[in-house]
A.B. asks: 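Here it is, the structure in full.
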Amino acid sequence: MKLIEVPAVDFDLAITLNSGQVFHWEKVGTGFCGAIGDRAVYVEQCGNVLRAKMEVGALRRRGQQREEMPRPTTTATTPELVHHYFALDHPLAEICASFPRDPIMNAARDFCQGLRIIRQPRWECLATFICSSMKQVAHIRQISRALRQRFGEKKEVCGQEVFSFPPADRLAETTENELRKCGLGYRAENLLTTAKRVALRKVTLDSWNALSDAELREQLCDLPGVGAKVANCVMLFGYERIKAFPIDIWIERVLREKYFPRNRKVTSAGLAEFAANYFGAHGGYAQQYLFHHARMTGKRRRQGRIRRCRARRALGMTQGAGCFILPL
DNA sequence: CTCCAGGGATGAT
DNA sequence: ATCATCCATGGA
């Protein structure tokens, strides 16, 4: 066990890990336990310093004998690994200064000081976000944990069990039914198919890093279970494409209610185009700030939408005829 | 266009 | 405690 300290200015560990970009870190004491790639890590923040402990023990495949492999020697030294994962090299002050100046963005920027977009391993990021579709954060965390416990490698740090995320070839050799046991539902087939493509080298995630944003998005959307939103998440969190602007329900609400309050007819495509132009070169960062701020302070949509729709149908109303019933 | 798949957390009642 | 709603992909 190795204890290290890493300088970390302009950084808030808790906000970063709880902002819906990564789903496997667990609060333990004053810090968090998780994994950076295959390394089990405990990390806590003391002012402008991160204190991290990392397990350097032998690998062991859970529930399955596997020939003893030599410990993979990481090229990065441990402080560099932490520094790189948490993107402590991103010029956060510059990035935040590039956000548009408007009341919504200002509030989000103030609320999320120290939030960074971290660098996630590509496969782990892609697989996790395939599992995220039509799921809420709490669910995604459960799925991530189930996949890791069932198919990942068990590690330990600070007396805590930590499981690494299973590589594609490990998931490729399982079955849809096994994946469904992890709570994936219909996403199991998507994840399995994608894992097989990666395992068989039909898809080479690392080589995709050379592609342009548009080409990368196109390739990602070609994978089953990957639509525009998931593709943008993977671009942002796995490929450091800082301009990628994922639009989920929270962001869509913010855009509609705060930026288009008098225009309920603006389309989703219209919102996406607006966001790409308005939030600038670091749009992905702006999106993460808006997302976290909205989730922490905003409220979910009030109930009754379905009931109203049913009521409208029952009244024999057609599309749009019932607009006057809609809230606001 | 609509509906559905799966399912634990969440909020309203 | 019960119950409807949430979530944002892909296929019918």
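Because the structure is a prediction, the values reported are computed rather than measured. We name chains A, B, ... by the order of the sequence lines, and we start the count at 1 in each one.
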A.B. asks: Whole angstrom is fine here: how far is it from CZ in A:R295 over to P in B:dA9?
C.D. replies: 14 Å

A.B. asks: Should A:R180 and A:E178 count as an ion pair when the cut-off is N to O under 4.0 Å?
C.D. replies: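 Not counted as a salt bridge, because no side-chain N and carboxylate O are separated by less than 4.0 Å.
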
A.B. asks: Between atom CG in A:D222 and atom C1' in C:dT9, what is the gap in whole Å?
C.D. replies: 14 Å

A.B. asks: Between A:W250 and A:L223, which has a closest nucleotide on DNA chain C that is more 5'?
C.D. replies: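 So the residue in question is A:W250.
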
A.B. asks: Dot-bracket, DNA chain C: Watson-Crick or G-U, under 3.5 angstrom, [ ] crossing, | other strand?
C.D. replies: |||||||.||||

A.B. asks: Within the 4.0 Å heavy-atom criterion, would you say A:K229 contacts the bases, only the backbone, or no part of the nucleic acid?
C.D. replies: sugar-phosphate

A.B. asks: Distance check: side-chain N/O of A:Q142 vs OP1/OP2 of B:dG7, anything under 4.0 Å?
C.D. replies: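 The answer is no; no side-chain N or O of A:Q142 sits under 4.0 Å from OP1 or OP2.
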
A.B. asks: Are A:V43 and A:M1 in one and the same hydrophobic cluster, where Ile, Leu, Val, Met, Phe, Trp and Tyr link if side-chain heavy atoms are under 4.5 Å apart?
C.D. replies: no

A.B. asks: Under 6.0 Å from the six-membered ring centre of A:F32 and within 45° of its axis: does the NZ or CZ of A:K27 meet both?
C.D. replies: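 Checked: cation-pi criterion met.
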
A.B. asks: In whole Å, what is the span from the CZ atom of A:F23 to the C1' atom of B:dG8?
C.D. replies: 15 Å

A.B. asks: Within this structure, what is the NZ-to-P distance between A:K181 and B:dG6, rounded to whole angstrom?
C.D. replies: 16 Å

A.B. asks: Hey, does the side chain of A:R253 come within less than 4.0 Å of C:dC7's phosphate (OP1/OP2), counting only N and O?
C.D. replies: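 So the side chain of A:R253 is within the cut-off, an N or O lying under 4.0 Å from OP1 or OP2 of C:dC7.
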
A.B. asks: P atom, B:dT10 versus C:dA8: distance in rounded Å?
C.D. replies: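 After rounding to an integer number of Å, I get 15 Å for this pair.
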
A.B. asks: Need one value for A:V137: base, sugar-phosphate or nothing, where a base atom within 4.0 Å counts as base even if backbone is also close, heavy atoms only.
C.D. replies: nothing

A.B. asks: Taking CZ from A:R141 and C1' from B:dT10, how many angstroms apart are they, rounded to a whole number?
C.D. replies: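 Distance check: A:R141 CZ to B:dT10 C1' gives 16 Å.
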
A.B. asks: Take the protein atom CE of A:M134 and the nucleotide atom P of B:dT10, then report the distance between them rounded to whole Å.
C.D. replies: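 Rounded to the whole Å, the gap is 17 Å.
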
A.B. asks: Does the separation of the ring centres of A:F279 and A:F99 fall below 6.0 angstrom?
C.D. replies: no

A.B. asks: Check for me, please, whether A:F274 and A:I249 land in the same ILVMFWY cluster - side-chain distances under 4.5 Å, paths through other members count.
C.D. replies: yes

A.B. asks: Contact class for A:R180 vs. all strands (heavy atom < 4.0 Å): base, sugar-phosphate, or nothing?
C.D. replies: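 Sugar-phosphate, no base atom in range.
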
A.B. asks: Measuring only the P atom in each nucleotide, how far is C:dA12 from B:dG6? A whole number of Å is fine.
C.D. replies: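 That atom pair is separated by 16 Å.
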
A.B. asks: Is the NZ or CZ atom of A:R119 positioned over A:F86's six-membered ring, under 6.0 angstrom from the centre and within 45° of the axis?
C.D. replies: no

A.B. asks: Need to verify one output field. Residue with the more 5' nearest nucleotide on DNA chain B, A:Y186 or A:H139?
C.D. replies: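 It is A:Y186, whose closest nucleotide lies nearer the 5' terminus.
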
A.B. asks: How close or far is atom P of B:dA9 from atom CD1 of A:I140, stated in whole angstroms?
C.D. replies: 13 Å

A.B. asks: I'd like to know if A:E5 pairs up with A:R51 as an ion pair, taking the criterion as any Lys NZ or Arg NE/NH1/NH2 lying under 4.0 Å from an Asp or Glu carboxylate oxygen.
C.D. replies: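 Yes, A:E5 and A:R51 are salt-bridged.
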
A.B. asks: Output the rounded distance in Å from CZ (A:R145) to P (B:dA9).
C.D. replies: 10 Å

